[in-house]
Q: 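One structure follows; several queries about it will come next.
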Amino acid sequence: MLSVHFPPCRHIISFYVVLALALSGVGCSFLKRGKEPVSSQPIPLTPVIWFSPSVTTADAPYLDGCGETRSVTLTDGLVASVPKKLTDVFTDVTTQRQPNEAIASDGVIEVGIGLRRIELAVPKQTQGTYPATATVGIEMVFLAKDGALLFSKKLEGTGRGTVTVGERSCQIEGLEKIVQDAVDSAITGLAQQIAQSVQIREYAAQRGTKVPVAARPQSSGAASTAEIATSTPPVMETAAQQLSAASTAPVAPAQLSFRAIIRDENRDQFLQPDESITIELEVKNEGIGEAKDVAVTAEGKAELTAFFPTEVQIGNLKPGEIKRTSISQRVTAPQEHLHGELTLNLRTTSPVVSVHPPKVFSFGVKPKVIDPALVPDVDNMPNSLAAFTQPKAVIISIGVGTFRDGQVPAIKYARHDAEVMAEYLRIISGVPGERIRILLDRQALERDLEDTFERWLRKKVDRETVVYVFFAGRALVEGGTGAISLVPYDGMPSEARQLYSLVRLQEVLYRLPIRRAIVMFDVSLDPSPGAGLADIPSPAWESSVSEARKDVEMWMVSNRGLQEAHAYDEGKHGLFTYQLLRGLQGLADVDRDGTVVAGELCTYARGEAARVAREQFGNKQDALCVPGIGREGMVRIYPVARGNNPKPVATPRQPEPSADSVGPAQNPKPIGP
């Protein structure tokens, strides 16, 4: 159970009642945070906004596309956003930059800025689109006319999106909007908390009634309903109107109390992806009047409250009535570790004698962590099977993880992927060493690819040959046509003649007199220089001869579209390559017939890569199999591995001896050590 503690009880009359509610991302309409007004009624105050010196000089530093330090100015966006957000909270607000005047008649809101961080990794002088995250911390303080502190909160807002490196390779476009989203997120969260502040609303009610305590009528008997309502500072403007009319239409007050329990599935006080969380609420009206429009609201750190709905409607409660509700939902996948407090409050539009104090829950949220020790090590080679040898097979395995041009982004595990894949295929198929060619980094120049595919390979094949091609690295997609080119070690994105086009490889395979070709690509796809993202069609993995070659060639591709291929650090390989290797170990043998065929291998790797990308990285990696499922093709049923996942051998049952049967005496059990 998540821990709960209560803040010090104050003898006040407030219309807030607390509540905690379930996780965002589940589709209920009341979970859509940020689309609801901050408060149903503005607070009847007109405070002045002061911006501290930290705001007037605020900026957020970052490194541009050339590695130079630059900054985004926060001042203008923050100064414009604060009054806009607070206008929905108060009757009106005014702004002054320096506190050089006496405190305004209705109080002062002072705004300061703290944390400013931009997370952005852009390779030097490399055009493209890259993810960026901005975090901005903002503080707001509300001071009453007499200087009393009524509200003080700090919140961090986060903005996420993508930026584009322009034609000059240094200029980064789109960062200002991400930073402004972070500013707006923090200000919106603070505005919501100010709108729900009991102290500020009591202060507004006291200034609105202007009824001295000594002037209130006294009675020898019990206080009338009107007296009770007058002695209780209203919180909502609608409540103040009700109380001002109480002398002519007295309303019996309600008295609310509530319980709230939050339980996470494994009871460790942390919310984790796919974990179930249960919220139980019980609200009771112990007063003599009906409580209308009762709701439970949640407030706290902006990033934490995003996992909960802003409010849960309880409805109307008659005197003595109790209403209970329970909500169970699954936690969505967070992107970072969070920790803080969630405060639950009760709210009603009816007069109340008193309300139960808020409840505060301390909890943490953490992303799913994979223990590397639990991830199978695919570098342990599979068993060889003498009965499954392909002495005429040819293996070409290429891994280009680094490039001569330092501006081309590296591919983390490309070299290792190619080494291990070549060894897998050698062991599984029993291919002689002279029929294997491995090109790694500096060995994979453009002329090396040309020599391997267009000269060396031609000398090794005949009509019984099966060709295995593996490539891990980077490729470019041409704008307008979608044509794909592999980037060799000496390749330069701006120089097409130093790339090796996919069409060229497809033509080589088409001309060879071979039995089968199994081609596996684990590549990151980038747009060609100067091409706009809107102008680039789907990458042309399927050639015009794909349908005619569906009996001969099987293509297994990690990315259908423009995307960085995921590096799977826990498995120490590219994500798609890791799943291919796991499939070759036998896991792709879905029908358990002891043979992994080409179609099974691609289908397994595609599904597992998509699952891990979704669960661990929070996005998708859409792999491609050509020919696809349902398009037949003899190549899909071609065996690429055998003997590693056989069906269990059925053990024949021994007939049970009858009571009258006589058999050999059983061996005596050993006794002693």
Side-chain angles (χ1 to χ4, degrees), residues 375-395 397 417 420-432 435-436 463-470 514-522 546-547 549-558 568 571 573 575-612 623-654:
V375 177
D377 184 4
V378 293
D379 289 352
N380 293 327
M381 296 296 153
N383 298 324
S384 60
L385 200 65
F388 182 64
T389 59
Q390 302 180 69
K392 286 194 173 184
V394 174
I395 299 171
S397 190
D417 286 348
V420 176
M421 180 61 74
E423 187 65 8
Y424 258 65
L425 296 174
R426 184 191 69 80
I427 292 175
I428 289 172
S429 302
V431 180
R435 301 180 67 83
I436 301 173
R463 296 190 180 277
E464 297 301 317
T465 300
V466 178
V467 177
Y468 294 96
V469 177
F470 176 82
I514 57 177
R515 183 182 178 189
R516 298 280 188 269
I518 309 297
V519 184
M520 296 169 280
F521 277 9
D522 193 349
S546 293
E547 187 66 21
R549 299 282 288 177
K550 67 181 182 180
D551 289 340
V552 178
E553 298 177 18
M554 180 80 198
W555 289 68
M556 309 178 190
V557 184
S558 62
Y568 190 39
H573 282 278
L575 176 58
F576 189 66
T577 301
Y578 179 86
Q579 302 303 341
L580 286 172
L581 297 173
R582 287 287 284 157
L584 288 172
Q585 287 181 337
L587 271 70
D589 183 13
V590 178
D591 58 7
R592 300 296 297 275
D593 64 353
T595 300
V596 175
V597 299
E600 285 181 327
L601 178 61
C602 190
T603 301
Y604 172 83
R606 176 184 177 182
E608 287 300 296
R611 179 186 62 80
V612 174
L624 178 68
C625 302
V626 181
I629 298 174
R631 291 175 56 183
E632 300 178 346
M634 294 298 294
V635 69
R636 286 190 60 86
I637 61 173
Y638 179 77
V640 293
R642 279 182 179 163
N644 292 311
N645 194 28
K647 292 181 180 178
V649 178
T651 304
R653 293 187 59 184
Q654 298 293 333

Q: With side chains defined as the heavy atoms from C-beta onward, is the minimum distance between V640 and Y468 less than 4.5 Å?
A: yes
Q: Applying salt bridge (Lys or Arg N to Asp or Glu O under 4.0 Å), can you list everything that pairs with E423, at least two apart in sequence or on another chain?
A: R426
Q: Does a side-chain heavy-atom distance below 4.5 Å link L581 with M421?
A: yes
Q: Taking side-chain contact (heavy atoms from CB on, under 4.5 Å) as the definition, give me every residue that meets it alongside E608, ordered by chain and number, with sequence neighbours left out.
A: Q579, Y604, R611
Q: Taking all non-hydrogen atoms of both residues, which atom of A588 and which atom of V596 are closest, and how far apart?
A: CB-CG1, 3.8 Å
Q: Do V519 and E553 come close enough that some side-chain heavy atom pair is under 4.5 Å?
A: no
Q: I'd like to check C625 versus M556 (side-chain heavy atoms, cut-off strictly below 4.5 Å). Are they in contact?
A: no
Q: Locate the shortest heavy-atom distance separating V466 from Y638; write the atom from each residue and the value.
A: CG2-OH, 3.0 Å
Q: Looking at every non-hydrogen atom in both residues, tell me the closest pair between V635 and P627 and how far apart they are.
A: CG1-CD, 3.8 Å
Q: Might you point out which heavy atoms bring V378 and G571 nearest each other, and give the distance in Å?
A: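 Between these two residues, the closest heavy atoms are CG2-O, 4.5 Å.
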Q: Using the side-chain contact (heavy atoms from CB on, under 4.5 Å) criterion, which residues pair with V597? Sequence neighbours excluded.
A: T595, E600
Q: Please tell me if the side chains of Q390 and L425 come closer than 4.5 Å, counting only heavy atoms from C-beta onward.
A: no
Q: According to salt bridge (Lys or Arg N to Asp or Glu O under 4.0 Å), who are the partners of R515, at least two apart in sequence or on a separate chain?
A: none
Q: Can you measure from CG (L601) to CD1 (I518) and round to the nearest 0.5 angstrom?
A: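 Between atom CG of L601 and atom CD1 of I518 there are 8.5 Å.
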Q: List for me each residue that meets side-chain contact (heavy atoms from CB on, under 4.5 Å) alongside D377, sequence neighbours excluded, and say none if there are none.
A: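 Listed in chain order: D379, N380.
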Q: Quick check: closest heavy atoms across G594 and D589, and the distance to 0.1 Å?
A: N-OD2, 2.8 Å
Q: My understanding is that only residues two or more places apart in sequence, or in another chain, count here; which of them pass ring pair (Phe, Tyr, Trp, His ring centres under 6.0 Å) with Y578?
A: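 So Y578 forms a ring pair (Phe, Tyr, Trp, His ring centres under 6.0 Å) with Y568.
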Q: Quick one: do R435 and T465 satisfy side chain to side chain contact (heavy atoms under 4.5 Å, CB included)? Show the steps, please.
A: CA-CA 11 Å; R435 301 180 67 83; T465 300; 4.0 Å; yes
Q: Quick one: does M554's side chain get under 4.5 Å of R516's, heavy atoms only?
A: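 M554 does not reach R516 side chain to side chain.
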Q: Restricting to non-hydrogen atoms, name the atom on A422 and the atom on S397 that form the minimum distance, rounded to 0.1 Å.
A: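 Nearest heavy atoms, A422 then S397: CB-CB, 3.7 Å.
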Q: Run through V420, I395, D417 and flag the one making a side-chain contact (heavy atoms from CB on, under 4.5 Å) with F470.
A: D417
Q: Working to the nearest 0.5 Å, report the span between SG of C602 and CZ of F576.
A: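 So the SG of C602 and the CZ of F576 are separated by 5.0 Å.
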